[in-house]
Amino acid sequence: MQKELPKAYEPQQYEDAIYKRWEDSGLFNPDVCIEKGVTDKKADYFSIVLPPPNVTGTLHIGHASMLAIQDLMIRYHRMKGERTLWVPGTDHAAVATESKVEKLLIADEGFKKPKEELGKEKFLERVKEYAQNSHDTIVNQSKKMGSSLDWSREAYTLDEQRNLAVRTVFKKMYDDGLIYRGYRVVNWSVKGQSTCSDDELVHVERQGKIYTFKYSQDFPITIATTRPETKLGDTAVAVHPDDTRYQKFIGQTFDVHNFADSGVDLKIKIIANEHVDMAYGTGAVGVTPAHSSVDFDMYTAQKTKGDEIDLIHVIGQDGNMTSAAGTYEGLTTVEAREKVVEALKKHDLFVGEEETIQNVGTSDRFGDVVESIPMTQWFINVNKEFQMGESKLKNIKKGQTVTLKKLMQEVVHSGEIKIIPERFEKIYFHWIDNLRDWCISRQIWYGHQIPVWYKNEENYCGIHPPEGEGWQQDPDTLDTWFSSGLWTFSTLGYPDLNAEDLKNFHPTSVMETGYDIIFFWVARMILMTTYTLGDIPFKTVYLHGMVRDEQGRKMSKSLGNVIDPLDTIKSYGADATRLSLLIGNAPGNDLKLSEEKVAGFRNFTNKLWNISRFIIGKIQEDTGYKIQINIQKPTPKTLADEWILGTLNSTLYLTSGSIEEFQFSGAGDILRTFTWDQLADWYLEIAKIEGNKSEILNYILNGLLKAWHPFMPFVTEEIWKGIHGDNSLLMVQKWPEFFERTKNDEKVFVQFNLVRDIVSVIRFLRSENKIEPIKKINVLVSAGDKIDLLKNNASIIKGLARLDKLVIQEKVEKPKTGVGFVVSSIEGFIDLEGVADVVKEKERLTKEITQLKGYVIGLEKKLSNKEFVDNAPKAVVEKEKRKLEEGTEKLKKLEQQLQSL
RNA sequence: GGACUUGUAGCUCAGUUGGUUAGAGCGCUGCAUUCACAUUGCAGAAGUCAGAGGUUCGAAUCCUCUCAGGUCCACCA
């Protein structure tokens, strides 16, 4: 037996040491669990791959929330005896990391253009150094949260193994023709000098102007634009094929001489396109194939029709006008816009301008408005048909013709992947419907370089560089989501398809991540995995929301409302931090968090600590009893014993069920109610009275600590050590057993509630009548047929309600100066020995009677309604009848009491 | 423009297939302090379940509309 626990739980004193014990035990690693006989090697598996935090800085409260949720699942399943794996890792985050380091070098070290000044090699060294530091911080913080990650399997999206996986998948897709290099309009960030994918665009509303004009005096159609400078690149005007106003022009080409004084001659062909809205504006659209993805699509469509139009590239990668813009060459787009408008006005081609709100795409990393520019880049074709390889998917067979889009849709449609909350499935499908080819090449240095080499006119795609001299590797790197898309299997041994981990832990059980990256990441993992392995990456996707401040605002440095998990861990402990992120947190919903909430849970951890302290103390007093780790359910001796054992059982039942249904908040609530309201406030107080409960207390404490462990690993582990010594780890104890609820349980609950209600009502009357809690009072109870039940529990009632004398008879006489109460069929009186306030008592009774009357009348009405009696299920009708009987009886008794005053 | 989503006590939220006198935590009010815990205990007050219709024997729960928030998607030139 260990020495006594201190009075208050101070997390800072224990947490690091506890984490070290866990880590040293090696039991975060499922292989070690099997070796040490903690887990059966034939048991089911449960695996999660941690969404790798970006190595751009430190963990924030959102990460903490993610860690808490995942660790809860992991610890629960580990205790259930499953082979449980949680793989840690970090993400190189390509653009994000590179631009962050660039900024730092500029701000702290006086560089102007760090990449140019340092050169590729030196610059990358600096990025790596930064990433390493960031990684170390992240690992340290994850440990502070108590995360039981298997560090022996840690991965990085840019390490050797992952690079091999990337190259392997790239080549496979290249060979299948799913990856292609093409000249297309892409999103170009001038500031970042790199492409970005459609999903990396953030649309913002901006005040702008829409200008209406004609290309030339004899041009038959008026068109409108928000960007006149791009009109220098117009090669067509699109109209709806059914538009009678313009039908006659379709197919004609108009020459525009010296457009807007640019010195450029335009050839504008009138083309038909169904997407043009006849009713909007003039019903005609100026087509700029080079600087609008929609127009580029029309350009491609024309090409396939064999009715080609030109593509003129007037905005360059520097964001300025190109030589194709004639005299406007070198001007910024804004300057050119003004000049074009001016020239149009001068030549009387200008029809008008109007204020409008336009939606522009900005780069989420660099923040600038992106330009649409045609460039040669690498893409993944999501619509191209190919023959499916090996497949474990339900509805897709080997050799079947599919597209990547179809794979992504199919696995969710079939239910092989379940998304929680369900509504995100709709959002997911909608996104896929609108998906275009994914641009995967980036013009930055930090990332996986594209495994393609060029020599003269030849190209070579391979996992390894080609033999021979003179090959140049493509300098571009891959979109960071390409490598994170492989995450569930690149961390488990891929490309070795026979890797033990891949066989043992894939598909992963759950992907727990934020709803904000469902497209970026979840969808891409599904794409990559179904394609590469012919299997799903995970069975369930659990999407959490964002952590916001107490007013629902985003946390940001500028608002000063950031809650740093390290701070709350320091002040209130990791367990309190975890609880505050778990309870009240529903999937897909944002969580409002305040420091007070964390403090509240700190109080709870302390409560649990003291509950344990009390129980341990009680057991220690019992010198004849030795505390046990594995204890069978003891035989109850009293009603209270039966009640608490039954309550613990149903608590475990509900908690386990809730965790498995991903209702973590509910699970925590149920446990909290048991711990505080039922165990501490009632049973422990009863234990003080009834005494002699070592075995039951031992059993309950074991169950309680186990059940709380996934939520609050630190405090529970520390208490466990206090009880069972440091040779035993709670972390790998078996999750407590629970049993089907029996009829007897129901009966016990009803009986115990009666006793409890009597105590409560006496306390209430004391409070109402201002009787000091210390003062001992006398109570007389007419117990009727409950006489045995009450007599058996008289000591509890006496003790908890602080009674001097308790008279229980079948029928008692009302004392002259007493206040009465009715609980169920039982009537009782507190003998106030001459101090009763009759007026007040009358008031109280009248109020209660009025309330009860309303209730009873309602029930009577309901039951006299024939339609209710005929249509409602029998059980419901019976229940209502019973309620009416009880209500009526109680009402009668209360009325008698009122009269006797 | 399309879609999704929320509105329950002062605040944060439960309320699982329609059947409770609508719940919890925090906060608030009153009382209590040697006996596990003041990071505590006991008791209490507080809600036309956003509004209006409808379906039903019965609606916080299902349907329609209105009002007020939030989020995502989108090529309205």
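Sequence lines set the chain letters: A, B, ... in the order given, protein chains first and strands last, and positions in each chain run from 1.
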Participant: Check whether the side chain of A:Gln663 and the base of B:rA14 form a donor-acceptor pair under 3.5 Å.
Facilitator: no
Participant: Using a 4.0 Å heavy-atom cut-off across all strands, classify A:Arg613 as base, sugar-phosphate, or nothing.
Facilitator: sugar-phosphate
Participant: Quick one: is B:rC76 close enough that its OP1 or OP2 comes under 4.0 Å of any side-chain N or O from A:Tyr280?
Facilitator: no
Participant: Check every strand shown and say whether A:Lys592 touches a base, only sugar-phosphate, or nothing at a heavy-atom separation below 4.0 Å.
Facilitator: sugar-phosphate
Participant: Verify the contact: side-chain N or O of A:His275 to OP1 or OP2 of B:rC75, cut-off strictly under 4.0 Å; return yes or no.
Facilitator: no
Participant: Check this for me: does any side-chain nitrogen of one of A:Lys688 and A:Glu685 sit under 4.0 Å from a carboxylate oxygen of the other?
Facilitator: yes
Participant: I want to confirm an ordering. Mapping A:Ile427 and A:Ala872 to their closest nucleotides on RNA chain B, which one lands closer to the 5' end?
Facilitator: A:Ile427
Participant: Please tell me if A:Asn606 has a side-chain N or O lying less than 4.0 Å from either OP1 or OP2 of B:rU40.
Facilitator: no
Participant: Between the base of B:rA36 and the side chain of A:Lys688, is there a donor and acceptor pair under 3.5 angstrom?
Facilitator: yes
Participant: Is A:Asn865 touching bases, backbone alone, or none of the nucleic acid, heavy atoms closer than 4.0 Å?
Facilitator: sugar-phosphate
Participant: Using purine N1 to pyrimidine N3 plus N6-O4 or O6-N4 for Watson-Crick, or N1-O2 and O6-N3 for G-U wobble, both under 3.5 Å, which nucleotide pairs with B:rA45?
Facilitator: none
Participant: Do A:Lys426 and B:rC4 have a side chain to base donor-acceptor pair shorter than 3.5 Å?
Facilitator: no
Participant: For a quick test of reading the model: is some side-chain N or O of A:Lys607 closer than 4.0 Å to OP1 or OP2 of B:rC37?
Facilitator: no
Participant: So, does A:Trp431 get its side chain near the phosphate of B:rA74, meaning an N or O under 4.0 Å from OP1 or OP2?
Facilitator: no
Participant: State plainly whether the residues A:Glu880 and A:Lys862 are in salt-bridge range, i.e. N to O under 4.0 Å.
Facilitator: yes
Participant: Hey, does the side chain of A:Ser767 come within less than 4.0 Å of B:rG30's phosphate (OP1/OP2), counting only N and O?
Facilitator: no
Participant: Just N and O in the side chain of A:Arg763: are any of them under 4.0 Å from OP1 or OP2 of B:rA43?
Facilitator: yes
Participant: Within the supplied structure, the quantity of interest is the number of heavy atoms (other residues, nucleotides, ligands) at a distance under 6.0 Å from A:Glu422 CD; does it exceed 12?
Facilitator: no
Participant: Take atom CD of A:Gln851 and atom C1' of B:rU21, then tell me their distance rounded to the nearest Å.
Facilitator: 8 Å
Participant: Using purine N1 to pyrimidine N3 plus N6-O4 or O6-N4 for Watson-Crick, or N1-O2 and O6-N3 for G-U wobble, both under 3.5 Å, which nucleotide pairs with B:rC76?
Facilitator: none
Participant: Check this for me: does any side-chain nitrogen of one of A:Arg436 and A:Asp297 sit under 4.0 Å from a carboxylate oxygen of the other?
Facilitator: yes
Participant: Go ahead and name the base partner of B:rG7; Watson-Crick or wobble counts if both distances stay under 3.5 Å, otherwise write none.
Facilitator: B:rC67
Participant: Is the A:Trp609 ring parallel, tilted or perpendicular to the A:Tyr9 ring (thresholds 30°, 60°)?
Facilitator: tilted
Participant: Considering every strand shown, what is the Watson-Crick or G-U wobble mate of B:rG19 when both distances are under 3.5 Å?
Facilitator: B:rC57
